[in-house]
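The structure under discussion appears below in the form of structure tokens.
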There are 2 protein chains.
Amino acid sequence: MRADSRLSRMLHVLIHMDRHDGPVTSELIARMLNTNPVVVRRTMAGLRERGYLTSVKGHGGGWALARSLDEITLRDVYEALGEPTVFAIGVADDDPKCLVEQAVNAAVGEALREAEQRLLSRFGEISIGELARDFDRRMAECTAG
Amino acid sequence: MRADSRLSRMLHVLIHMDRHDGPVTSELIARMLNTNPVVVRRTMAGLRERGYLTSVKGHGGGWALARSLDEITLRDVYEALGEPTVFAIGVADDDPKCLVEQAVNAAVGEALREAEQRLLSRFGEISIGELARDFDRRMAECTAG
DNA sequence: GATCACGAAACAACAGGAGTTGCATAACTC
DNA sequence: GAGTTATGCAACTCCTGTTGTTTCGTGATC
């Protein structure tokens, strides 16, 4: 399957928006992400509904941050995207009759659930503001070197 | 996309094979998994190459275990399947020019890598023999109750 | 009113597991 | 050695969800 890159794309965009004055058009965002404006609007709609972004129609319109990046975690973005499926692997049948399969599901399902829980917890610990500051460090290194 | 259920299917089959005398045909396995023999052969081929299974052609042929279930971990099976993609989510570009995207990838990629590492480590700790014994417990509970 | 920009619907492209068919090949039975 | 059983392999189609694209509607600005 093609990997779902909506989370990383949104993080990318949000940091750019933070460093940008005034609203940013879907057109410009699309160029940053190497995609097109419709995909951008579709993906960002969830973030607007959650109150992280605002969008303004018409001349001079576009997208703007409604919150500080320090107030938004990776998990917030993940949830705003509709909590996409995390794993490409899973069990064959969620409620099997076969006791063997039940034993398999118990072990595999448990391991997957725990891994997902850990990943999402980790996402909840990281604010986008931290990523932005990491970008600043990289920028400083780049210009210094 | 539809979840990749090859791992759980193979675990399911291996335990059944352990409780079965003589070779098991792809046809019979397919009925256990609610699929068809070609899918079974395709999926089990990797386990044969790794030496966990043998397959015999012709009359009276079929599949048989070449190892004890205690010698095979979930991770062994995962690897025999060609190490399928674990996550349905990922970063947009593995080697981006944009420094912002690099910072995003560092954070998201790291979290994903760590989660994958943990999951695979956990898989490495669980032998199929343990799952089989868990099945026995469930069976006992079922007949006792 | 012309232009700019978002909103929404509809559809094709793509990727990978799963399902299916057909045929070749090997092994056993008679 | 002919028939049967079973795997091995190749070449499809199907399914599902992200991504990409086009088109039209609508609101805001100039």
Side-chain angles (χ1 to χ4, degrees), chain A residues 1-10 12-13 17 20 22-49 53-64 66 78 81-93, chain B residues 1-10 12-13 17 20 22-49 53-64 66 77-78 80-93:
Chain A
M1 174 205 302
R2 211 200 223 127
D4 179 350
S5 61
R6 286 177 293 174
L7 176 62
S8 73
R9 278 179 156 181
M10 286 302 96
H12 182 184
V13 166
M17 288 175 65
H20 189 279
V24 189
T25 65
S26 306
E27 174 63 35
L28 181 58
I29 294 171
R31 277 202 291 269
M32 295 192 302
L33 297 181
N34 282 311
T35 179
N36 71 70
V38 178
V39 173
V40 170
R41 291 184 195 116
R42 185 194 291 157
T43 311
M44 296 179 78
L47 294 171
R48 182 189 51 226
E49 285 164 19
L53 295 175
T54 56
S55 65
V56 175
K57 286 182 169 183
H59 203 118
W63 298 84
Y78 168 80
L81 290 170
E83 308 190 10
T85 304
V86 170
F87 292 110
I89 62 183
V91 298
D93 181 347
Chain B
M1 179 199 276
R2 212 196 223 130
D4 179 351
S5 60
R6 287 177 294 173
L7 175 63
S8 73
R9 279 180 156 181
M10 286 302 96
H12 182 183
V13 166
M17 288 175 66
H20 189 278
V24 189
T25 65
S26 305
E27 173 64 35
L28 182 59
I29 294 171
R31 278 203 289 271
M32 294 193 303
L33 298 180
N34 282 311
T35 178
N36 71 68
V38 179
V39 173
V40 170
R41 292 186 196 115
R42 185 193 292 157
T43 310
M44 295 179 79
L47 293 166
R48 182 189 50 225
E49 285 164 19
L53 295 176
T54 58
S55 65
V56 175
K57 286 182 169 184
H59 202 120
W63 298 84
V77 177
Y78 168 80
L81 290 169
E83 308 191 8
T85 304
V86 170
F87 292 110
I89 61 184
V91 298
D93 181 347

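Atom CG of A/Asn36 and atom P of C/dC6 are 12 Å apart (whole Å). Between the CZ atom of B/Arg2 and the P atom of C/dA18 there is a distance of 7 Å, rounded to whole Å. Look at CD1 on A/Ile89: it is 16 Å from C1' on C/dA18, rounded to the nearest Å. Between the CG atom of B/Leu7 and the P atom of C/dG17 there is a distance of 13 Å, rounded to whole Å. Per the geometry, CG belonging to A/Leu81 stands 10 Å off P belonging to D/dT18, to the nearest Å. In this entry the distance linking CZ of A/Arg41 with P of C/dC6 reads 5 Å, nearest Å. Remark: P of D/dT21 and CG of A/Asn34 are 11 Å apart, rounded to the nearest angstrom. When the P atom of D/dG20 is taken as reference, atom CZ of A/Arg31 falls 16 Å away, rounded to whole Å.
Phosphate contact (OP1/OP2 of C/dC4, side-chain N/O of A/Thr25, threshold under 4.0 Å): absent.
Residue A/Val38 has its side chain nearest to D/dT23 when only D/dT7, D/dT26, D/dT23 are considered. The side chain of A/Arg6 has D/dT19 as its nearest neighbour among C/dG19, C/dG7, D/dT19. Side chain of B/His59, nearest nucleotide from D/dG20, C/dC28, C/dA26: C/dC28. Of the candidates C/dG19, D/dT18, C/dT25, the closest approach to any side-chain atom of A/Asp4 belongs to D/dT18. Listed nucleotides D/dG25, C/dG19, C/dA8 differ in distance to B/Thr35; the shortest reach to its side chain belongs to C/dG19.
Between the side chain of A/Thr25 and the backbone N or O of A/Leu28, at least one donor-acceptor pair lies under 3.5 Å.
The shortest heavy-atom contact between A/Ala92 and B/Ser5 is CA-CB, 3.6 Å. The shortest non-hydrogen separation linking A/Ala45 to A/Trp63 is N-CH2, 4.3 Å.
Closest-nucleotide positions on DNA chain D for B/Glu27 and A/Ser5 were compared, and the one nearer the 5' end corresponds to B/Glu27. Summary of the strand contacts: B/Gly58 and B/Thr85 both lie near DNA chain C, and taking for each the nucleotide with the nearest heavy atom, the more 5' one is attributed to B/Thr85. Residues B/Trp63 and B/Arg42 each lie close to DNA chain D; by heavy-atom proximity, the contact nearer the 5' end of the strand is made by B/Trp63.
Counting heavy atoms from C-beta on, the side chains of A/Asp4 and A/Pro84 come closer than 4.5 Å.
Using modelled atom types and a 3.5 Å distance limit, the side chains of A/Arg6 and A/Thr43 yield no donor-acceptor pair.
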